[in-house]
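This is a predicted model, so every value here is computed, not measured.
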Amino acid sequence: MQDWSEEDMIDVADFEEEVLAASHEKPVLVDFWAPWCGPCRQLGPILEKLSEEEGAGFTLAKLNTEENQAVAAQYGIQSIPAVKLFVDGEVADEFIGALPERQVRDWLAAAIPSETRRLVEDARAAFDAGAREDAEALLEEAMVLAPSDAAAALLLAKLIVFKDPARAEALSHTPDAEFADAEAVETVVRLLQKGAEP
């Protein structure tokens, strides 16, 4: 993968190698753009900035649709800017248009595979199968990796609410926690506290 700056954007030279093969090692975010596209010039610097942040979790690739019409057609590009995230050689997620930075960040947070997300999914499966101790162990591991992960915190809170109500309540206050789930945990904690009163 070649480096580029805002002034000197270099397109992918070999899509098979630089995107499809590379995405087996690390997710590759492809920005389909063209020099005449105004919204592309708005989105490009945002993607570049996010790709350079520590722990970005993806490699950014630029693909000029004018010079790579066959690849653009292969992936159904009809409007640009178009962004596709490749994981293990396949499109894992995508969006079209020049989104503001906050929305791009939110999209990336949901789209980029992470160890924490895998642990939470495994914990949900264990929980659904009735393996509560396994689910709890997986969630504790997820919380070590990402202490502010709302999904991990809330699922763990639900698992431990009867065993450790104080910690469950603290976990329910994790930023970005789903309000209804957090409220449910807090209601159980209040009922347990009320039941414990003489």
Answer whether the closest heavy-atom distance between the side chains of [X] and [Y] falls below 4.5 Å.
{"X": "V189", "Y": "V161", "answer": "yes"}
{"X": "L108", "Y": "L29", "answer": "yes"}
{"X": "L43", "Y": "V83", "answer": "yes"}
{"X": "V185", "Y": "E169", "answer": "no"}
{"X": "V188", "Y": "K158", "answer": "no"}
{"X": "E136", "Y": "L156", "answer": "yes"}
{"X": "L63", "Y": "F15", "answer": "yes"}
{"X": "D149", "Y": "V120", "answer": "yes"}

Is the shortest side-chain N to carboxylate O distance from [X] to [Y] below 4.0 Å?
{"X": "R190", "Y": "E183", "answer": "yes"}
{"X": "E53", "Y": "R105", "answer": "yes"}
{"X": "D128", "Y": "R124", "answer": "no"}

Would you give the length of the straight line joining atom [atom1] of [X] to atom [atom2] of [Y], rounded to the nearest 0.5 angstrom?
{"X": "T59", "Y": "E25", "atom1": "OG1", "atom2": "CD", "answer": "10.0 Å"}
{"X": "H24", "Y": "D88", "atom1": "NE2", "atom2": "CG", "answer": "6.0 Å"}
{"X": "D134", "Y": "D122", "atom1": "CG", "atom2": "CG", "answer": "10.5 Å"}
{"X": "E16", "Y": "E18", "atom1": "CD", "atom2": "CD", "answer": "11.5 Å"}
{"X": "I80", "Y": "C37", "atom1": "CD1", "atom2": "SG", "answer": "4.0 Å"}
{"X": "W33", "Y": "T65", "atom1": "CH2", "atom2": "OG1", "answer": "8.5 Å"}

Same hydrophobic cluster for [X] and [Y], using side-chain heavy-atom links shorter than 4.5 Å among ILVMFWY?
{"X": "L192", "Y": "L159", "answer": "no"}
{"X": "L119", "Y": "V144", "answer": "no"}
{"X": "V30", "Y": "V91", "answer": "yes"}
{"X": "F95", "Y": "V87", "answer": "yes"}

Over all heavy atoms of both residues, which pair between [X] and [Y] is shortest? Give the atoms and the distance, please.
{"X": "S172", "Y": "E186", "answer": "OG-OE2, 3.1 Å"}
{"X": "A152", "Y": "A142", "answer": "CB-CB, 4.0 Å"}
{"X": "P100", "Y": "I46", "answer": "C-CD1, 4.4 Å"}
{"X": "A61", "Y": "V19", "answer": "CB-CG2, 4.2 Å"}
{"X": "G44", "Y": "D31", "answer": "CA-OD2, 4.0 Å"}
{"X": "I112", "Y": "G57", "answer": "CG2-O, 3.7 Å"}

In this structure, are over 12 heavy atoms from other groups packed under 6.0 Å from E101 atom CD?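 It does: E101 CD has more than 12 such atoms within range.
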More than 12 heavy atoms from other groups under 6.0 Å of CD on Q78: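 No, CD of Q78 has 12 or fewer neighbouring heavy atoms, counting only those of other groups under 6.0 Å.
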For the pair V104 and L47, evaluate side-chain contact (heavy atoms from CB on, under 4.5 Å) and give the outcome as yes or no after the intermediate values. CA-CA 8 Å; V104 176; L47 296 176; 3.9 Å; yes
I would like to know whether M143 and L171 meet side-chain contact (heavy atoms from CB on, under 4.5 Å); could you show each step before the answer? CA-CA 10 Å; M143 293 300 294; L171 288 168; 3.8 Å; yes
Partner residues of E140 under the salt bridge (charged side-chain N to carboxylate O under 4.0 Å, His left out) criterion, sequence neighbours left out: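 Here the qualifying residues are R167.
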I'd like to know whether K84 forms a side-chain contact (heavy atoms from CB on, under 4.5 Å) with I77, so could you lay out the CA-CA distance, the side-chain angles of the two residues, the decisive distance to 0.1 Å, and finally the verdict. CA-CA 10 Å; K84 294 184 184 287; I77 305 301; 3.4 Å; yes
Taking side-chain hydrogen bond (donor to acceptor under 3.5 Å, both in side chains) as the definition, give me every residue that meets it alongside E66, ordered by chain and number, with sequence neighbours left out.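 Per chain and number, E66 pairs via side-chain hydrogen bond (donor to acceptor under 3.5 Å, both in side chains) with W36.
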So does [Y] get a backbone contact from the side chain of [X], meaning a donor-acceptor N/O pair under 3.5 Å?
{"X": "R41", "Y": "P35", "answer": "yes"}
{"X": "S23", "Y": "V28", "answer": "no"}
{"X": "N68", "Y": "N64", "answer": "yes"}

With a 6.0 Å cut-off on ring centres, are F58 and F86 close enough?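 No; F86 has its ring centre 6.0 Å or more from that of F58.
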Mutual orientation of the aromatic rings belonging to Y75 and F32 [parallel < 30°, tilted 30-60°, perpendicular > 60°]: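 Tilted: the ring planes of Y75 and F32 meet at 30° to 60°.
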